[in-house]
A.B. asks: 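Following this message is one structure expressed as structure tokens.
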Amino acid sequence: MIDQIEESVHYLKSQGINAPEIGVILGTGLGNAFVDHLKIERDIHYADIPHFPEATVEYHHGRLLYGDLAGKKIVAMQGRFHYYEGYSLAEVTFPVRVLKMLGIKYLLVSNAAGNMNPDWNKGNLMLIDDHINLLPDNPLRGVNDNRLGPRFPDMSAPYDAELIRKMQQVAEEKNIDLKKGVYVAVMGPNLETRAEYRFLRIIGADAVGMSTVPEVIVAHHMSLPVLAISVLTDDCDPDNLEPANIDEIIAVAGRAEKPLTTLFMGLIERL
Ligand code: HPA
């Protein structure tokens with residue numbers, strides 16, 4: 001795999017993507033407000049990058065953006081890959097390996113997730129403090145390349161404590177309500193049954209979604225500090241469950257764009 005990563009890196013460098021400091025993965029319904037603040041210098045279709053999987057989900061644009069934000073060089077993935085689309089987890093996480101080899105020092109991730117915490121509401125933002133991997137696979141399964149990371153990576157703190165602390169400071173300064181909790185990754189693409197939400201709550205999760213955990217495992221494998229925030233797009237109370245409305249989920253994610261962009265920009269300024 002390392003040869004493929006190097007070929008992708010070589011191509012991106014040849015296109016002028018040099019020494020990015022921070023990588024950002026823009027999740028479902030998120031991104032435009034953030035991208036508006038990015039002084040874009042390069043805009044590359046995933047399809048043009050050697051060994052990159054191609055984006056399939058309609059909400060996603062499938063491009064790698066490179067540019068300046070708050071005086072920092074940023075490389076942003078507009079569109080990510082999900083396991084439910086049929087990719088292997090090695091494919092889902094390949095771009096994270098490429099970004100790390102391009103030189104990023106931090107990875108910032110956003111996603112949309114269902115809210116299972118009865119004290120919170122849809123529209124809230126949640127800093128991911130820890131996760132549960134219920135995907136039926138692991139991106140590190142198979143022969144381990146020790147040049148990428150260890151065979152048995154520690155998972156006692158996959159989300160960087162310093163980044164969490166800084167982000168909480170930003171939230172306080174900007175007066176943005178930022179929850180903190182546990183994210184559980186499921187395969188999807190269907191949403192959950194009432195019994196499944198009940199189960200996911202009992203095992204300790206506050207939010208449920210179909211992404212992020214593979215990317216975080218791979219980033220952590222490569223000793224890349226990660227911060228992730230979920231936009232809680234729907235309330236998943238098993239005793240009062242409404243039919244899922246994907247358009248509404250996208251709309252709630254859209255409404256969260258502004259505060260989320262403020263948080264990400266505030267953090268980037270501090271890095
Ligand atoms: N379940 C899984 N993924 C999701 C949900 C949900 O309720 N909401 C947004 N992404």
Side-chain angles (χ1 to χ4, degrees), residues 25-34 55-61 77-87 89 92-93 108-137 139 159 177-217 227-261 263:
I25 302 178
L26 304 164
T28 299
L30 308 168
N32 290 337
F34 181 84
T56 59
V57 174
E58 61 227 64
Y59 315 115
H60 291 165
H61 306 274
M77 287 180 63
Q78 199 170 33
R80 63 140 65 85
F81 304 98
H82 299 88
Y83 190 68
Y84 65 76
E85 293 174 272
Y87 303 109
L89 287 185
V92 165
T93 56
L108 313 182
V109 183
S110 66
N111 64 43
N115 171 41
M116 296 183 295
N117 187 317
D119 297 332
W120 303 348
N121 296 303
K122 69 178 170 195
N124 282 160
L125 300 173
M126 184 192 90
L127 204 43
I128 303 182
D129 186 40
D130 206 350
H131 73 223
I132 300 170
N133 182 19
L134 287 192
L135 292 168
D137 200 355
Y159 299 84
D177 183 15
L178 183 58
K179 314 295 188 193
K180 190 164 85 162
V182 175
Y183 175 95
V184 59
V186 295
M187 176 159 59
N190 59 276
L191 285 94
E192 289 66 38
T193 64
R194 287 164 296 160
E196 286 166 342
Y197 285 131
R198 213 167 271 124
F199 163 74
L200 295 171
R201 182 72 192 145
I202 288 169
I203 64 170
D206 297 290
V208 53
M210 305 173 196
S211 69
T212 302
V213 165
E215 290 115 317
V216 170
I217 290 173
L227 175 128
I229 293 183
S230 294
V231 177
L232 305 180
T233 52
D234 51 308
D235 283 317
C236 310
D237 172 0
D239 298 321
N240 297 289
L241 192 62
E242 311 255 341
N245 178 336
I246 298 299
D247 290 335
E248 204 203 330
I249 287 177
I250 303 286
V252 174
R255 284 200 288 280
E257 266 196 16
K258 246 183 93 181
L260 191 62
T261 299
L263 289 175

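Counting starts at 1 for both ligands and their atoms, in listed order. Everything numeric here is computed off the predicted structure, so don't read it as measured data. Reckoned from all heavy atoms, side chains included, excluding hydrogens, waters and symmetry mates.
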A.B. asks: Please set out all donor-acceptor pairs under 3.5 angstrom arising from side-chain atoms of residues 199-215, sequence neighbours excluded.
C.D. replies:
{"from": "R201", "atom 1": "NE", "to": "M116", "atom 2": "O", "distance (Å)": "3.4"}
{"from": "R201", "atom 1": "NH1", "to": "A205", "atom 2": "O", "distance (Å)": "3.0"}
{"from": "R201", "atom 1": "NH1", "to": "D206", "atom 2": "OD1", "distance (Å)": "3.1"}
{"from": "D206", "atom 1": "OD1", "to": "N117", "atom 2": "ND2", "distance (Å)": "3.1"}
{"from": "D206", "atom 1": "OD2", "to": "V182", "atom 2": "N", "distance (Å)": "2.9"}
{"from": "S211", "atom 1": "OG", "to": "R80", "atom 2": "NH1", "distance (Å)": "3.4"}
{"from": "T212", "atom 1": "OG1", "to": "R80", "atom 2": "NH2", "distance (Å)": "3.4"}
{"from": "T212", "atom 1": "OG1", "to": "N111", "atom 2": "ND2", "distance (Å)": "2.7"}
{"from": "E215", "atom 1": "OE1", "to": "T212", "atom 2": "N", "distance (Å)": "2.9"}
{"from": "E215", "atom 1": "OE2", "to": "R80", "atom 2": "NE", "distance (Å)": "2.7"}

A.B. asks: For a 4.5 angstrom cut-off between non-hydrogen side-chain atoms, does N245 reach P243?
C.D. replies: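 Answer no - side chains too far apart.
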A.B. asks: Using a 4.0 Å cutoff against the non-hydrogen atoms of Y197, which atoms of ligand 1 qualify?
C.D. replies: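 Atoms satisfying the 4.0 Å criterion: 1 (N), 6 (C), 7 (O).
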A.B. asks: Using salt bridge (Lys or Arg N to Asp or Glu O under 4.0 Å) as the criterion, list what pairs up with D237, not counting sequence neighbours.
C.D. replies: none
A.B. asks: Closer than 4.0 Å to some heavy atom of M210 - which atoms of ligand 1 meet that?
C.D. replies: 2 (C), 3 (N)
A.B. asks: Got Y159 and D129 here, is their nearest side-chain heavy-atom distance under 4.5 Å?
C.D. replies: no
A.B. asks: What's the shortest distance from atom 10 (N) of ligand 1 to any protein heavy atom, and which residue and atom give it?
C.D. replies: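 For atom 10 (N) of ligand 1, the nearest protein heavy atom comes out as A112 O, 3.6 Å.
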A.B. asks: For the residue pair I217 and H131, establish whether any side-chain heavy-atom pair is separated by less than 4.5 Å.
C.D. replies: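 I217 vs H131: side chains touch.
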A.B. asks: What protein heavy atom is closest to atom 8 (N) of ligand 1, reported as residue, atom name and distance in Å?
C.D. replies: D234 OD1, 2.7 Å
A.B. asks: Quick one: pull up OG in S230 and CG in L125 and give me the separation to the nearest 0.5 Å.
C.D. replies: 9.0 Å
A.B. asks: Output the list of atoms in ligand 1 that are nearer than 4.0 Å to some heavy atom of T233, sorted by atom number.
C.D. replies: 8 (N), 9 (C)
A.B. asks: Under 4.0 Å from ligand 1, counting heavy atoms only, is it the side chain of A244, its backbone, both or neither?
C.D. replies: neither
A.B. asks: Return the residue, atom name and 0.1 Å-rounded distance of the protein heavy atom closest to atom 2 (C) of ligand 1.
C.D. replies: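 The closest heavy atom on the protein side is E192 OE1, 3.3 Å.
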A.B. asks: Has ligand 1 got any nitrogen or oxygen that is less than 3.5 angstrom from a nitrogen or oxygen of L191?
C.D. replies: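 In fact, backbone or side chain, L191 has no N or O that close.
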A.B. asks: Looking at CG of N124 and CG of L232, how far apart are the two atoms once the value is rounded to the nearest 0.5 Å?
C.D. replies: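 Result: 6.0 Å between the selected atoms.
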A.B. asks: For atom 5 (C) of ligand 1, which protein heavy atom lies nearest, and how many Å away is it?
C.D. replies: G114 N, 3.4 Å
A.B. asks: Indicate, as side chain, backbone, both or neither, the part of V208 found under 4.0 angstrom from ligand 1 when only non-hydrogen atoms are considered.
C.D. replies: both
A.B. asks: C236 heavy atoms, cut-off 4.0 Å: which ligand 1 atoms fall inside?
C.D. replies: 7 (O)
A.B. asks: Is any side-chain heavy atom of L127 less than 4.5 Å from a side-chain heavy atom of L263?
C.D. replies: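 A side-chain contact under 4.5 Å is absent here.
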